[in-house]
Protein chains: 2
Amino acid sequence: MSKQKDTLLRLIAANKGHPSAEELFLECKEKNVKISIATIYRNLNLLVQEGKIAKISLPNEPDRYDSRTDTHIHGVCDRCHAIEDFEIAELDAFLAKQTGLAIHSYDLTLHYTCAKCRKKEALNIYSWL
Amino acid sequence: MSKQKDTLLRLIAANKGHPSAEELFLECKEKNVKISIATIYRNLNLLVQEGKIAKISLPNEPDRYDSRTDTHIHGVCDRCHAIEDFEIAELDAFLAKQTGLAIHSYDLTLHYTCAKCRKKEALNIYSWL
DNA sequence: CTAAATGCAAACTATTTGCAACGAT
DNA sequence: ATCGTTGCAAATAGTTTGCATTTAG
């Protein structure tokens, strides 16, 4: 595994926020790891194929990458688009039972307003104070 | 509502397969409705804003459009990529209860092998017969 | 007659690819 | 010396935008 590929894997694992290719590019620069955007995309695709990371698609946004490849849940804030991970242990069984299907895997994204944005909103509401 | 916009809305409602912009463009041609790809995208975005259709994003594929805007479930076949709709009435309550969040909406995509492809697979397995 | 919607072509964003140079065995 | 990996720049896919023109009320 080349230095560039290894760096990407580490950055994705370290970054809780599910970074995009562009964000990884900037993070590499900050860490003084020399890499081109083409190599980023090439390695991201390789890592996905190898099953070491997963790709996340959302409307009107560049793809993001996730160090977790097991089935889990994404929560995205409708205000700031931050992504968090969630776990619902009983969901697999629940879905299998309700649908009667042999489900290989599933993608679940919850939309809500995150705690930070709720706080901001509350401040704005009372901004005249 | 212009003829073009109306046509798009109807085509999306009629097409069970969740069509992409390009597919809608071709369907319009077949129906002899004159429309440019720019107008397609413009109207699709308007219809999404108006809450009349929904946009679906999947990795490595163009965005697709859905005539259903209520929260429901997509099932996609891992072999042929066909998309079906599902309903699980109790899911909303289940998610709210398990996460404790005020969930605006959610996107759930199930991955499996659809009935058609399962049948094909079975035939292949016994193809020497 | 006016405002809204369209078509065309150019622009733009995200991503991929060809190819020559580089780097590690 | 070889084979995989890289950087660069050009190419591509999907989508958006500016602007002159058309359409509908």
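All values below come from the heavy atoms of this structure, side chains included, with hydrogens, waters and symmetry mates left out. Here is the naming used below: chain letters follow the sequence lines, and residue numbers restart at 1 for every chain.
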Discussion item. For R10(B), I'd like to know if atom CZ has over 12 heavy atoms of other residues, nucleotides or ligands within 6.0 Å.
Written reply: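 No, not enclosed.
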
Atom-pair distance ([atom1] on [X]; [atom2] on [N]), nearest Å:
X      : N       : atom1 : atom2 : answer
D6(A)  : dT5(D)  : CG    : C1'   : 14 Å
E23(A) : dA14(C) : CD    : P     : 11 Å
L44(B) : dG14(D) : CG    : C1'   : 13 Å
Y41(A) : dC8(D)  : OH    : P     : 16 Å
M1(A)  : dT5(D)  : CE    : P     : 10 Å
D63(A) : dG14(D) : CG    : C1'   : 12 Å
I35(B) : dA5(C)  : CD1   : P     : 13 Å
L58(B) : dG14(D) : CG    : P     : 14 Å

Discussion item. Go nucleotide by nucleotide along DNA chain C from the 5' end; which of T39(A) and K34(B) gets its closest nucleotide reached first?
Written reply: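 Result: K34(B).
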
Discussion item. Tell me whether the side-chain N/O atoms of S2(A) come closer than 4.0 Å to OP1 or OP2 in dG4(D).
Written reply: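 Result: no.
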
Discussion item. Please confirm whether the shortest side-chain N or O distance from N60(A) to OP1 or OP2 of dT15(D) is below 4.0 Å.
Written reply: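 Negative; the distance criterion is not met.
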
Worksheet item: Judged by atom type as modelled, is there a donor-acceptor pair below 3.5 Å linking the side chain of R118(B) to the main-chain atoms of T113(B)?
Response: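 Checked: pair present.
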
Worksheet item: Would you say the base of dG18(D) and the side-chain of R42(B) have a donor-acceptor pair closer than 3.5 Å?
Response: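 Check passes, donor-acceptor contact within cut-off.
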
Worksheet item: Any side-chain donor paired with an acceptor under 3.5 Å for D107(A) and H74(A)?
Response: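 Absent: no donor and acceptor within the cut-off.
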
Worksheet item: Of all the choices, dT15(D), dT15(C), dA9(D), which nucleotide is nearest to the side chain of A21(B) once you look at every atom?
Response: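 Selected nucleotide: dT15(D).
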
Item to complete: Look at the side chain of N45(A) and decide which nucleotide, out of dT16(C), dT15(D), dT6(D), has an atom nearest to it.
Response: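 So the side chain of N45(A) is nearest to dT16(C).
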
Worksheet item: Contact class for Q4(B) vs. all strands (heavy atom < 4.0 Å): base, sugar-phosphate, or nothing?
Response: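 Sugar-phosphate, no base atom in range.
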
Discussion item. Would you call the rings of Y112(B) and F86(B) parallel, tilted or perpendicular, taking 30° and 60° as the class edges?
Written reply: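 The arrangement is perpendicular - the two ring planes meet at more than 60°.
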
Fill in: Given DNA chain D, 5'-ward residue of the pair S36(A) and I37(B), judged by closest heavy atom
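It is S36(A) whose nearest nucleotide is closer to the 5' end.
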
Got a list of side-chain donor-acceptor pairs under 3.5 Å for residues 51-59 of chain A, not counting sequence neighbours?
| residue | atom | partner | partner atom | Å |
| --- | --- | --- | --- | --- |
| K52(A) | NZ | E50(A) | OE1 | 3.0 |
| K55(A) | NZ | N60(B) | OD1 | 2.7 |
| S57(A) | OG | D63(A) | OD1 | 3.0 |

